[in-house]
Chemist: 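Handing you a structure now.
So that the names make sense, note that chain A is the first sequence line, chain B the second, and so on, each numbered from 1.
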There are 2 protein chains.
Amino acid sequence: MEISVSQENYLKAIYKLASREGVASNQAIASVLESTPASVTNMLRKLTEMGWIDYEAYRGATLTAAGNKRALELVRKHRLWEVFLVEKLQYDWDAVHPLAEELEHIGGEELVNRLDAFLGHPQYDPHGDPIPDSEGNIRKRQHVMAASELNVGQDFAVCGVRDSSSLFLQHLDRLGIELGKRYALTERLEFDRSMVWQAESGQTTTVSQEVASNVLIQRVK
Amino acid sequence: MEISVSQENYLKAIYKLASREGVASNQAIASVLESTPASVTNMLRKLTEMGWIDYEAYRGATLTAAGNKRALELVRKHRLWEVFLVEKLQYDWDAVHPLAEELEHIGGEELVNRLDAFLGHPQYDPHGDPIPDSEGNIRKRQHVMAASELNVGQDFAVCGVRDSSSLFLQHLDRLGIELGKRYALTERLEFDRSMVWQAESGQTTTVSQEVASNVLIQRVK
DNA sequence: GTCTGTTTTTAGTCGAGACTAAATATTTAG
DNA sequence: CTAAATATTTAGTCTCGACTAAAAACAGAC
Ligand SMILES: [Mn+2]
Ligand SMILES: [Mn+2]
Ligand SMILES: [Mn+2]
Ligand SMILES: [Mn+2]
């Protein structure tokens, strides 16, 4: 039984929710897919029937082994296409998500593996998210934390974002914050919990608590 | 009113049929789209309503100016993706059509123009078909004919195919026939109208009438 | 344990895009 | 010019994936 684009989007949503919460609730899925709980109930039954998920009424959904494999393949495709769009077509990192959301449904393993090879087997997508390999293994990075958890005096490098919305990414552009860039946390303002980051160039940037909690970093040295 | 994937496929089918026959009949569209005449009638009414085509009951369909522009954009996207798949992802020329058939529906002018630039503004797709530019202008090649129309003694270069089916393209692979390759027609066998082509290497290939009439060539020297 | 608010499911609809069978229009042949 | 053959449209259904409103189940507070 062939899976539809809509069904693939459900699998990806369930993958993301279940890996954070253990189980994907009806309401959470509806919210991610901008749909309604009633529509979700309907689709969950089909996906169960097809063997992609485990689901019991009122209990929420989790992926089966097959569903997990498929979801990881979709994540892989999505992130590889994002790399392609940014690296090869020079798109801005805030513009690629909607296109990748469509491209991820095209072709099968052959296409994604060729794309992967063409791109040189990248490890991370333009937002710092890890790209699963062709076996579905996803490198989990150690010691990644939100910038808001840092202490004054620490050195760190930006390695990802929690919020990939265009609005947030453009805000980071304006602040000059980008993946791989290194800073030292020189000050923390008690009044509003904002932080002062000093780049290697010496330039400083004031970063709000709201922003810092959505920027992922790794400590360095 | 947003156009659907299905509707875009109709526009492309009408474009191809109308440019060959002047008008696209109901039955011909159904045959191209592997659908039924009843379904076509239904869709033609919608496309008329939306301003993409001109259509009167029993009379067949033609594209409006808007429809023509849209169809050419689709052809452009289709062929550019084919170039990408062959040049960058090393697909065989007989494998790319189904993927391009899906990719052509993704994104808008921005994506296709970036892809075009990335590929270096190619003029022809892997099957020798011309790629419309961003204005929708399509370079019509002069002096292109079927190989079957050649006379003995003439030199020529292969520049396209009439049949893009995987079966035919693989057959050409087996015969060693590829785009750009030059031959001289050394002999024509009256019995079954087959031809003997001599490559620049000196190697000869016997080509049936059926094959020759589906290979497009240009005379050289 | 019952009450109450939240979550999920049920029931009934809808639009898009397909289909088949039957009716009608058009074209071709005699 | 009419009759047969062919093409197109009409009428009635179907599946998919969504929706709303109402009913039912569940979970937390007392
Ligand atoms: Mn998607
Ligand atoms: Mn991403
Ligand atoms: Mn298509
Ligand atoms: Mn082609």
Chemist: Rounded to the nearest Å, what distance is computed from the CD atom of residue B:Glu34 to the C1' atom of nucleotide C:dG17?
Modeler: 16 Å

Chemist: Side-chain N or O of A:Tyr10 versus OP1/OP2 of D:dA18: is the shortest distance under 4.0 Å?
Modeler: yes

Chemist: Taking the basic N atoms (NZ, or NE/NH1/NH2) and the acidic carboxylate oxygens, is any pair closer than 4.0 Å for B:Arg76 and B:Asp116?
Modeler: yes

Chemist: Does A:Ser4 place a side-chain N or O at less than 4.0 Å from the phosphate oxygens OP1/OP2 of D:dG17?
Modeler: yes

Chemist: Within this structure, what is the CG-to-P distance between A:Leu44 and D:dC16, rounded to whole angstrom?
Modeler: 16 Å

Chemist: For a quick test of reading the model, state the closest non-hydrogen atom pair linking B:Arg193 to B:Arg188 and the distance between them.
Modeler: NH1-NH2, 3.8 Å

Chemist: So, does B:Lys46 get its side chain near the phosphate of C:dG17, meaning an N or O under 4.0 Å from OP1 or OP2?
Modeler: yes

Chemist: Taking the six-membered ring for Trp and the full ring for Phe, Tyr or His, determine whether the centres of B:Tyr91 and B:Phe84 are under 6.0 Å apart.
Modeler: no

Chemist: So what does A:Ser6 hit on the nucleic acid, given a heavy-atom distance under 4.0 Å: a base, only sugar-phosphate, or nothing?
Modeler: sugar-phosphate

Chemist: Indicate whether OP1 or OP2 belonging to C:dA18 is found under 4.0 Å from a side-chain N or O atom of B:Ser39.
Modeler: no

Chemist: For the pair made of CD1 in B:Ile3 and C1' in C:dA16, what is the distance, rounded to whole Å?
Modeler: 14 Å

Chemist: Compare the minimum distances between each of C:dT20, C:dT8, C:dT9 and the side chain of A:Arg45, then state the nucleotide with the smallest one.
Modeler: C:dT9

Chemist: Given atom CG of B:Asn9 and atom P of C:dA16, what is their separation to the nearest angstrom?
Modeler: 18 Å

Chemist: Counting side-chain heavy atoms from C-beta on, which of D:dT10, D:dG17, D:dA7 comes nearest to A:Asn42?
Modeler: D:dG17

Chemist: Return the nearest nucleotide to the side chain of B:Tyr58; candidates are C:dT24, D:dG17, C:dG17.
Modeler: C:dT24

Chemist: Indicate, with a heavy-atom threshold strictly under 4.0 Å, whether A:Arg59 touches base, sugar-phosphate, or nothing.
Modeler: nothing

Chemist: Just N and O in the side chain of A:Ser35: are any of them under 4.0 Å from OP1 or OP2 of D:dC19?
Modeler: yes

Chemist: Between B:Asn26 and A:Met43, just flag the one whose closest nucleotide in DNA chain D comes earlier from the 5' side.
Modeler: B:Asn26

Chemist: Tell me the interatomic distance from B:Met1, atom CE, to C:dA16, atom P, rounded to whole angstroms.
Modeler: 7 Å

Chemist: Rounding to an integer number of Å, can you tell me how far A:Ile29 CD1 sits from D:dG17 C1'?
Modeler: 15 Å

Chemist: Kindly state whether the ring of A:Trp197 and the ring of A:Phe156 have centres lying under 6.0 angstrom apart.
Modeler: yes

Chemist: Round to a whole Å and report the spacing from CD of A:Glu56 to C1' of D:dA25.
Modeler: 14 Å

Chemist: Touch check for A:Ala57, heavy atoms < 4.0 angstrom, all strands: base, sugar-phosphate only, or nothing?
Modeler: sugar-phosphate

Chemist: Taking the six-membered ring for Trp, is the centroid-to-centroid distance between B:His78 and B:His97 below 6.0 Å?
Modeler: yes

Chemist: D:dC16 C1' sits how many Å from A:Gln7 CD, rounded?
Modeler: 9 Å

